[in-house]
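Contents: one structure, followed by commentary.
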Amino acid sequence: MASSLLKDELDIVIPTIRNLDFLEMWRPFFQPYHLIIVQDGDPSKTIKVPEGFDYELYNRNDINRILGPRANCISFKDSACRCFGYMVSKKKYIFTIDDDCFVASDPSGKQINALAQHIKNLLCPSTPFFFNTLYDPYRDGADFVRGYPFSLREGVPTAVSHGLWLNIPDYDAPTQLVKPLERNTRFVDAVLTIPKGTLFPMCGMNLAFDRDLIGPAMYFGLMGDGQPIGRYDDMWAGWCIKVICDHLGLGVKTGLPYIYHSKASNPFVNLRKEYKGIFWQEDIIPFFQQVVLPKDCTTVQKCYIELAKQVKDKLSKVDPYFDKLADAMVTWIEAWDDLNPTGASAKLPNGKA
């Protein structure tokens, strides 16, 4: 069955604070895969998972036990806690989804297997160096158009597949407030590579990536409880991975697959979380647009440590938070390398492989 593609090479990471009833809808597509559930909030609360799924569940106590003093790099009371799942996974690929995301249907009414499409995106090359006007040239029925250089037609490995959403769009609070009833009903049957040198707003609710190629840069930052900002976790990771992918010659795709985003979060709560980010992003974006990584940054880890250094140098003048974030970025890499030693199969302290 097509949905079982890469079933031994892919983990599904889900951050949650509630029972995972939504998995029933995804059962035909997710059941063959291993789930890593990262429980946010109160660790004494029991999260129910429907029967028949192969899963491991980590709560805050597990995070503290496994990472010890480095546990403070994992956000609390924010969906950014999901990146702990990326760190403890031992698979080559990760798909992450939010628990308010349901199976969408295409215009013909057929249910969309989002995971299968992400896998398709990750397994075929990207074309970041020259834009193909027919979108993804590797899809059936498409090809490179006239004038596309033959020397670039092999493409580069795809590190990230960024999916979209029907129903509730991924808006910031001000846009939510002025367009409370807006729904996305437009299904665009296209996948494209985001060009080199172009940043994008990455959304973590329907996202897949090649953990071997870009995993150590998929850090969702310090957000939520005790931090001055929330709802910029996936954005931060997106800006970091894009700069690093551009430097290392890797690709990022966006477009298909769609999921159905079922509920809008409260715009007033969101405004409180995003308030500082709305101002800060006017400095953050130019920072990432101007970042240059030295030639000796040949691994994701080296790139990320260099990025942390530049964040400290350039962004700490915007707010002392960025000093703290830069330190957390380094801690994250140290924790990642501890749990993922090169060439060895790491064991977690709690005995889970």
Main chain of Pro128, side chain of Thr193: is a donor-acceptor contact present, judged purely on distance under 3.5 Å? no
Is it the case that the side chain of Asp210 and the backbone of Thr158 share a donor-acceptor pair, with hydrogens and angles ignored and the cut-off at 3.5 Å? no
Heavy-atom side-chain proximity of Leu122 to Leu6 below 4.5 angstrom: no
Check the angle between the aromatic planes of His162 and Trp165 and answer parallel, tilted or perpendicular using the 30° and 60° thresholds. perpendicular
Please check this pair: side chain of Gln176 against backbone of Leu271, looking for a donor-acceptor N/O pair closer than 3.5 Å. no
Quick one: do Asp327 and Lys312 make a salt bridge, cutoff under 4.0 Å? yes
So, for Glu274 and Pro174, which heavy atoms are closest and what is the spacing to 0.1 Å? OE1-CD, 3.9 Å
Please check if any side-chain donor atom of Asn121 sits under 3.5 Å from a side-chain acceptor atom of Gln117, or the reverse. yes
Whether the side chain of Asn167 engages the backbone of Tyr260 through a donor-acceptor N/O pair (distance < 3.5 Å, no angle test) should be reported. no
Considering only heavy atoms from C-beta outward, does the side chain of Ile284 approach that of Met235 to under 4.5 Å? no
For a 4.5 angstrom cut-off between non-hydrogen side-chain atoms, does Val188 reach Leu164? no
Please assess Trp236 against Val311 for the test side-chain contact (heavy atoms from CB on, under 4.5 Å), listing each intermediate value before the final yes or no. CA-CA 12 Å; Trp236 182 261; Val311 166; 3.9 Å; yes
Is there side-chain contact between Leu134 and Asp143, with heavy atoms separated by less than 4.5 Å? no
side-chain contact (heavy atoms from CB on, under 4.5 Å), that's the test. Do Leu123 and Tyr93 meet it? Break it down for me. CA-CA 10 Å; Leu123 293 183; Tyr93 300 100; 3.4 Å; yes
Any side-chain heavy atom of Gln310 sitting closer than 4.5 Å to one from Leu315? no
Is it the case that atom NZ in Lys179 sees more than 12 heavy atoms from other parts of the structure closer than 6.0 Å? no
Partner residues of His118 under the side chain to side chain donor-acceptor pair (under 3.5 Å) criterion, sequence neighbours left out: Ser161, Asn206
Could you walk me through whether Lys77 and Asp40 pass salt bridge (charged side-chain N to carboxylate O under 4.0 Å, His left out), step by step? CA-CA 6 Å; Lys77 295 196 175 164; Asp40 198 11; over 6 Å; no
May I have the step-by-step check of side-chain contact (heavy atoms from CB on, under 4.5 Å) for Tyr86 and Trp336, ending in yes or no? CA-CA 9 Å; Tyr86 310 160; Trp336 181 284; 4.1 Å; yes
Whether the Thr127 and Asn132 side chains hold a donor-acceptor pair (N or O, under 3.5 Å, no angle test) is what I'd like checked. no
Sequence neighbours excluded, which residues qualify as side chain to side chain donor-acceptor pair (under 3.5 Å) partners of Gln289? none
Contacts of type side chain to side chain donor-acceptor pair (under 3.5 Å), residue Asn64, not counting sequence neighbours: none
Step by step, would you call Lys253 with Val160 a side-chain contact (heavy atoms from CB on, under 4.5 Å)? CA-CA 6 Å; Lys253 293 192 173 192; Val160 179; over 6 Å; no
Common cluster, Phe287/Ile305, ILVMFWY with side-chain heavy-atom separation under 4.5 Å: yes
Hey, is the main chain of Lys91 close enough, under 3.5 Å, to the side chain of Ser89 for a donor-acceptor pair? yes
Aromatic contact, Phe220 with Trp332 (centres under 6.0 Å): no
Candidates Asp99, Asp98, Asp42 - the one meeting salt bridge (charged side-chain N to carboxylate O under 4.0 Å, His left out) with Arg18: Asp99
Between atom NZ of Lys317 and atom CG of Asp283, what is the distance when rounded to the nearest 0.5 Å? 6.5 Å
Nearest atoms (heavy-atom pairs only) where Cys83 meets Ile74: SG-CD1, 4.3 Å
Step-by-step salt bridge (charged side-chain N to carboxylate O under 4.0 Å, His left out) determination, Asp78 to Lys273: CA-CA 10 Å; Asp78 193 278; Lys273 291 177 180 176; 5.5 Å; no
Looking only at atom types and distance, does a side-chain atom of Lys45 sit under 3.5 Å from a main-chain N or O of Ile17, one as donor and one as acceptor? yes
Side-chain contact test, heavy atoms from C-beta onward, threshold under 4.5 Å: evaluate it for Phe129 versus Val156 and give yes or no. yes
Quick one: do the Ser79 and Asp233 side chains pair a donor with an acceptor below 3.5 Å? yes
For residues 240-252, dump all side-chain donor-acceptor pairs below 3.5 Å to protein atoms at least two apart in sequence or in another chain.
{"from": "Lys242", "atom 1": "NZ", "to": "Pro195", "atom 2": "O", "distance (Å)": "2.8"}
{"from": "Lys242", "atom 1": "NZ", "to": "Thr198", "atom 2": "O", "distance (Å)": "3.1"}
{"from": "Lys242", "atom 1": "NZ", "to": "Asp246", "atom 2": "OD1", "distance (Å)": "2.8"}
{"from": "Lys242", "atom 1": "NZ", "to": "Asp246", "atom 2": "OD2", "distance (Å)": "3.2"}
{"from": "Asp246", "atom 1": "OD2", "to": "Gly197", "atom 2": "N", "distance (Å)": "2.8"}
{"from": "His247", "atom 1": "NE2", "to": "Pro294", "atom 2": "O", "distance (Å)": "3.4"}
{"from": "His247", "atom 1": "NE2", "to": "Cys297", "atom 2": "O", "distance (Å)": "2.8"}

Whether Trp239 and Tyr232 hold their rings parallel, tilted or perpendicular, with breakpoints at 30° and 60°: tilted
Near Glu24 CD, under 6.0 Å, is it more than 12 heavy atoms from other residues, nucleotides or ligands? yes
Within the distance-only criterion (no hydrogens, no angle test), does the side chain of Arg211 pair as donor or acceptor with the backbone N or O of Asp11 below 3.5 angstrom? no
What residues, two or more places apart in sequence or in another chain, satisfy side chain to side chain donor-acceptor pair (under 3.5 Å) together with Lys302? none
Go through the steps for Arg139 and Asp189 under the test salt bridge (charged side-chain N to carboxylate O under 4.0 Å, His left out), then give the verdict. CA-CA 11 Å; Arg139 282 186 78 184; Asp189 186 12; 2.9 Å; yes
Please check if the number of heavy atoms outside Tyr135 that lie under 6.0 Å from its OH is greater than 12. no
Within the distance-only criterion (no hydrogens, no angle test), does the side chain of Asp106 pair as donor or acceptor with the backbone N or O of Ser108 below 3.5 angstrom? yes
Between the main-chain N or O of Val13 and the side-chain N or O of Thr96, is there a donor-acceptor pair closer than 3.5 Å? yes
Heavy-atom side-chain contact between Asp234 and Leu207 under 4.5 Å: no
Between Leu325 and Gly221, which heavy-atom pair has the shortest distance, and what is it? CD1-CA, 3.9 Å
By ring pair (Phe, Tyr, Trp, His ring centres under 6.0 Å) - contacts of Phe30 (at least two apart): Trp26, Phe95
Any side-chain heavy atom of Phe84 within less than 4.5 Å of one from Asp62? no
Under 3.5 Å, is there a donor on one side chain and an acceptor on the other for His34 and Asp54? yes
Kindly assign one of parallel, tilted or perpendicular to the pair Trp280 and Tyr321, based on the angle between their ring planes and the thresholds 30° and 60°. parallel
Does Leu192 belong to the same Ile/Leu/Val/Met/Phe/Trp/Tyr cluster as Leu256, with side-chain heavy atoms less than 4.5 Å apart forming each link? no
When you measure from the side chain of Arg231 to the backbone N and O of Asn270, does any donor-acceptor pair fall under 3.5 Å? no
What is the minimum heavy-atom distance between Ala142 and Asp136, and which atoms define it? CB-O, 3.6 Å
When rounded to the nearest 0.5 Å, the distance separating CD1 of Ile119 from NZ of Lys7 is 12.0 Å
